[in-house]
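All residue numbers refer to positions in the sequence shown, counting from 1. Remember, it's 1-based here, ligands and their atoms both numbered in the order they're listed.
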Amino acid sequence: MTSFEEEDARLSVGPPADHAAGLQAVRLSLTNAVRKMGVRKTVRNLRALNQHDGVDCMSCAWPDPQGHRHTAEFCENGAKAVSWEGQRDTVGPEFFARHSIADLAGQTDHWLEKQGRLTHPMVRRDGGTHYEPISWDDAFALAGSHLRGLDSPHQAAFYTSGRASNEAAFVYQLLARALGTNNLPDCSNLCHESTGSALMRTIGVGKGSVTLEDLQQADLIVVSGQNPGTNHPRMLTALEIAKRDGAKILAINPLSEAGLTRFDNPQQVRGLTGHGTVLADRLLRIRFNGDLALWQAIGHLLLERGVADKDFIGTSTVGFEAWAEHVSRVDRDQVLAATGLEWAEIEAAADMLASAQRVVHCWAMGITQHRNAVATIKEFVNVALLQGMIGKPGAGLCPVRGHSNVQGDRSMGIWEKPPAIFLDRLRDEFGFEPPREHGHDAVDTVKAFRDGHASVFVALGGNFVAAMPDTEVTAASMRGAALTVQISTKLNRSHVEAGHTALILPTLGRTEEDLTGGRVQRITVEDSMSAVHASRGRSTPAGPLLRSEVDIVCGIAAATFGDRHDIPWDGFAADYDQIRERIGRVVPGCDDYPAKIRDGGFTMPHPPRDSRTFPTLEGKAVFTVSPLQVMTIPPGRLILQSLRSHDQFNTTIYGLDDRYRGIKQGRRVVFISAADLADLGFDDGDIVNLVSEWDDGVERRADRFRLVTYDTPKGCVAAYYPETNPLVPLDSQAEESGTPTSKWVQIRLERTA
Ligand SMILES: Nc1nc2c(c(=O)[nH]1)N[C@H]1C(S)=C(S)[C@@H](COP(=O)(O)OP(=O)(O)OC[C@H]3O[C@@H](n4cnc5c(=O)[nH]c(N)nc54)[C@H](O)[C@@H]3O)O[C@H]1N2
Ligand SMILES: Nc1nc2c(c(=O)[nH]1)N[C@H]1C(S)=C(S)[C@@H](COP(=O)(O)OP(=O)(O)OC[C@H]3O[C@@H](n4cnc5c(=O)[nH]c(N)nc54)[C@H](O)[C@@H]3O)O[C@H]1N2
Ligand SMILES: [Mo]
């Protein structure tokens, strides 16, 4: 049996949980951590997590409390992330001699990463069947000669995953721009790009406008398209505090996710014994992508009830009349069809908004990864503007970011569409003219390799092949590259589906002590609420050859440019404070960066939040009008959303359980409503193949999934990512932002023989 089939055979299904976290979570996280890292490392790593001068947890971008912190300021998933990185098993030259690349390609993602930490720089030479060891100097020289040899700098692409530190991100974008390209695709393209597009247009800043204190002072918190119990567990604590102070919570989700419904706080004694807090006061079980219609209806109802902050609208916004006119004509039947809700439920939600004085709107991937994502987020903004909920305490917009430093990487210039002011400052600081034309985002990068327009792919972390849609197309595009360079901590699909020549460059993780240049180095990160602070690893690195991300990027840059630019790559690597000085002069909002970091960190400026100034084209916040499109599901077809289990971090599969949804020892499941099973003539437990249908007529397939009856709206099914990524067409993207529509894939079920 292949390892895929072995996994299928072990799968078991039980009832979903009705609450999240609590004693079981703490026990599980500690047992797991000790098993992976041993007792001493567990204590050292977990004690430092999210503490002052400790390690910033890499499991999500949720902020740390400013004042009092618990001694255990981490969640089950933070503990998993830390022990995954701290794993004692290693993958070195003997492992790669034993396993051919073809061999590795037959293994699951779970198996690949589980083998342990990468310890040696490795190369696959053109035509080779195996990876073999290479020295750092030779690896840098090889990458440098490829980059130097390109006909055009735009034949290279530099991908970043949002775990990279600000320092690594800054030198990395400098490398790309010194080469002459803005081809800096990143995981944000797959994640909150729709948020950035919507907020830039409407409030002039592509980031959320609240702090953790705002969240705790709100009297209504709306949580749309997000599963915090699994993906941002520490957010539940903030919700619980707000709730204790009288806040109401409105959740909008097709699924009743554990944690939104009930939460046991493991940091409190009550949480260890009692049944915890019921968090959501109201849950709207919306159909996929019904949110735009819902918020237009809510806007309509609020206007009808006379809710409007007239002063704010008059002084700080434009476009109100056109928007009010548009939503006043919203069609009730269309809204009911799009949302699958009762009108009374929508009215009740509107009542919650109407009676609130301080509203925070939170959202994540259930909103951003749809065709209408940008329009939906603009509609959140419309309603927030109507109520004057930006730039006052306890209120605002709160896109909840994914990767721990994805927002910081953007601030540091990781973006294929950099603003002119950033490039001007870069030019003034480093004395070269950066490229001005926009680069490729993640989807365009795949197309450039597919079509032979690009040949060198460099990745600062992440797992591009597995994270991207249309896995077969993406993998083939990468196999066609002349060179792929993966700066990684663990083995993954992107090392196996790699270029003709392929480098694996092993790097330190965030929990590990970084002694580059013979001194203790700190790095800095920015969380989801724009707070920037330092992080310092404590534990002994997984191997003596590992280098920091900064060191590796500077090594590639030095080998590429020699003395072509006047950029002190070696000095940067030897002392990260030198990078921070440049960040201070180049990145808007980061003046005196090194000093502010030494003083414990700071919050990045945000004009709408700080002073109700809106740096948009109009100089005011903008109401926008979005036509209401109701996407329909053809008969006999289903819409699939691809989401995360409780036991994974993106493409990293920690284990095969999804405790909150009742799944054990397997991942190839499809959650489907009893009504759809009956209509389509299938039974719970049947094994089916999934076939996705798209405009290009190509049928994309993912085989052998078990049907699991689940409480999900009719027509709307769910399965895990990345297993379902082969089904997502590369061209199925959100309008304006280009984000793949990972939450809306039209499929049919096919019986297996
Ligand atoms: N433990 C852990 N933590 C993580 C991650 C992880 O993989 N594991 N990933 C990190 C990253 S990069 C990110 S971006 C975040 C992701 O955090 P989430 O966005 O919470 O992640 P998903 O699992 O994709 O969950 C999407 C949610 O949206 C709902 N949804 C789907 N479609 C719709 C819709 O049309 N409307 C509404 N209202 N809801 C909808 C789904 O039912 C689901 O609850 O988490 C971060 N934190
Ligand atoms: N179908 C579908 N596809 C999706 C999504 C979805 O919901 N559905 N979500 C999308 C989202 S929101 C995101 S953010 C992307 C995530 O896409 P990525 O960020 O590309 O993927 P990750 O799984 O986070 O990357 C894991 C790898 O990062 C490496 N790594 C871990 N720690 C470090 C480190 O400290 N340094 C370095 N250099 N490497 C490290 C390890 O080798 C590990 O194998 O996926 C997207 N793809
Ligand atoms: Mo993400």
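- Note on Arg117 versus Glu512: salt bridge recorded, some NZ/NE/NH1/NH2 to OD/OE distance being below 4.0 Å.
- In the model, Thr741 has no side-chain atom that pairs as donor or acceptor with a side-chain atom of Gln733 under 3.5 Å.
- Below 4.0 Å from some heavy atom of His370 lie the following atoms of ligand 1, by number and element: 32 (N), 33 (C), 34 (C), 35 (O).
- Of all the atoms in ligand 1, the ones that sit under 4.0 Å from a non-hydrogen atom of His232 are 15 (C), 17 (O), 45 (O), 46 (C).
- Ionic pairing of Lys490 and Glu113 is not present here: no N-O contact between side-chain nitrogen and carboxylate oxygen is shorter than 4.0 angstrom.
- Checking Asp514 against Tyr576 by side-chain atom types alone, a donor-acceptor pair falls below 3.5 Å.
- Some N or O of Asn253 is nearer than 3.5 Å to an N or O of ligand 1, by distance alone.
- Near Leu255, the atoms of ligand 1 lying under 4.0 angstrom from a non-hydrogen atom of the residue are 42 (O).
- Taking a 6.0 Å sphere around CZ of Arg547, one finds it holds more than 12 heavy atoms contributed by other residues, nucleotides or ligands.
- Atoms of ligand 1 found under 4.0 Å from any heavy atom of Asn289 (numbered from 1 in listed order, with element): 34 (C), 35 (O).
- For the 3.5 Å distance criterion, the side chains of His403 and Asn650 qualify, holding a donor opposite an acceptor.
- At a 4.0 Å heavy-atom cut-off, ligand 1 touches Ile286 through the side chain alone.
- Atoms of ligand 1 lying under 4.0 Å from any heavy atom of Glu257, numbered from 1 in the order shown and given with element: 42 (O), 43 (C), 44 (O).
- Tested against Glu526, the residues Arg410, Gln407, Arg401 include a single side chain to side chain donor-acceptor pair (under 3.5 Å) partner, Gln407.
- Taking the ring centre of Phe649 as origin, the terminal cationic atom of Arg163 falls inside the region bounded by 6.0 Å and 45° from the ring axis.
- Residue Asp291 touches ligand 1 through its side chain alone, judged by heavy-atom distances below 4.0 Å.
- Here is the list of ligand 1 atoms found below 4.0 Å of a heavy atom in Asn227: 20 (O), 44 (O).
- With respect to Arg282 and Glu345, no salt bridge is recorded, no charged nitrogen being found less than 4.0 Å from a carboxylate O.
- With Trp363 as reference, Thr195 is the one residue of Thr376, Thr195, Asp291, Thr368 to meet the side chain to side chain donor-acceptor pair (under 3.5 Å) rule.
- Protein residues having at least one heavy atom under 4.0 Å from any atom of ligand 2 are Glu113, Tyr159, Ser161, Arg163, Cys187, Leu190, Cys191, Met365, Gln369, His403, Gly461, Gly462, Asn463, Ala467, Ile487, Ser488, Thr489, Lys490, Asn492, Thr507, Glu549, Ser642, Arg644, Phe649, Asn650, Thr651, Thr652, Tyr721, Asn725, Ser742, Lys743, listed by chain and number.
- Each of the following atoms of ligand 1 lies closer than 4.0 Å to a heavy atom of Thr230: 1 (N), 2 (C), 3 (N).
- Counting heavy-atom neighbours within 6.0 Å of Glu513 CD, excluding the residue itself, gives a total above 12.
- Interface atoms of ligand 1 facing Ile252, defined by a heavy-atom separation under 4.0 Å, are 37 (C), 38 (N), 39 (N).
- Residue contacts with ligand 1: Pro254 is placed with no nitrogen or oxygen under 3.5 Å of a nitrogen or oxygen of the ligand (distance criterion only).
- Under the side chain to side chain contact (heavy atoms under 4.5 Å, CB included) rule, Leu638 has a single partner from Val745, Leu690, Val717, which is Val717.
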